[in-house]
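All figures in this text were calculated on a predicted structure; none of them were measured in a lab.
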Amino acid sequence: MVDADPLIHDFACVLIAHINLVQSTGMRTGVAKQIEIFVKRMQRHCDWYHNQESVHDHLTQQFDAIELLLTRAVEFNRMRDEETLSECQRILAQTAIQATGASWPKTG
């Protein structure tokens, strides 16, 4: 859906930028809490949007994509904070952060 929907593409880019630029654990924790609240609000009426008689197929797909992106971003940051990223994930994150001119936080 990222390739076909400009909204989802742009939203994914914002999340990636946030992951790459925000190094504060406190900031990431606060954002994760806000995302959880937002996702719960989205889910409150998901049955109505997913109704077979609904004509909101594209909107439903967008909601599903947004929910997936948000929950995966939170999970990635949680794993980063707990230092449980796989080696591949850590290399990708380091490469993205270095591209911004920032540095990966030292551990230990």
What residues form a ring-ring contact (aromatic ring centres under 6.0 Å, His included) with Phe63, not counting sequence neighbours?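 ring-ring contact (aromatic ring centres under 6.0 Å, His included) list for Phe63, sorted by chain: Tyr49.
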
Would you please name every residue forming a side-chain contact (heavy atoms from CB on, under 4.5 Å) with [X], sequence neighbours left out?
X: Ser24; result: Met27
X: Arg41; result: Ile37, Arg44
X: Ala73; result: Leu15, Ile19
X: Asp10; result: none

What pairs of residues pass the salt bridge (charged side-chain N to carboxylate O under 4.0 Å, His left out) test when at least one of them lies in residues 60-76, not counting sequence neighbours?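 Output for this query lists Glu75-Arg78.
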
Nearest heavy-atom neighbours spanning Asp5 and Leu7: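 Here Asp5 and Leu7 meet closest at OD1-N, 2.9 Å.
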
Among the clusters formed by ILVMFWY side chains lying less than 4.5 Å apart, do Ile35 and Val22 turn up in the same one?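 Linked, Ile35 and Val22 end up in one cluster.
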
Can you get from Phe38 to Ile16 by hopping between Ile, Leu, Val, Met, Phe, Trp and Tyr side chains that sit under 4.5 Å apart?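 Phe38 does not cluster with Ile16.
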
Side chains of Thr29 and Lys33: does their closest heavy-atom pair fall under 4.5 Å?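 The answer is yes; the side chains approach within 4.5 Å.
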
Using a 4.5 Å cut-off on heavy atoms from C-beta on, say whether the side chain of Leu69 contacts that of Ile8.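 Ile8 vs Leu69: side chains touch.
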
Calculate, to the nearest 0.5 Å, the distance between atoms OG1 and CZ belonging to Thr84 and Phe76 respectively.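 If I round to the nearest 0.5 Å, the distance is 10.0 Å.
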
Any chance you could measure Met42, atom CE, to Ile66, atom CD1, to the nearest 0.5 Å?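 Spacing of CE (Met42) from CD1 (Ile66) equals 5.5 Å.
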
Determine whether Asn77 and Val31 satisfy the following criterion, side-chain contact (heavy atoms from CB on, under 4.5 Å), listing intermediate values before the conclusion. CA-CA 10 Å; Asn77 278 329; Val31 168; over 6 Å; no

Output yes when a side-chain donor or acceptor of Arg80 lies under 3.5 Å from a complementary backbone atom of Leu85, and no otherwise.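 Here the side-chain-to-backbone pair does not exist.
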
Taking Met79's backbone N and O only, do any of them form a donor-acceptor pair with Glu82's side chain (distance below 3.5 Å, no angle check)?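 Checked: no pair found.
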
Go through the steps to decide whether Val74 and Leu70 satisfy the test side-chain contact (heavy atoms from CB on, under 4.5 Å), and finish with yes or no. CA-CA 6 Å; Val74 168; Leu70 287 170; 5.7 Å; no

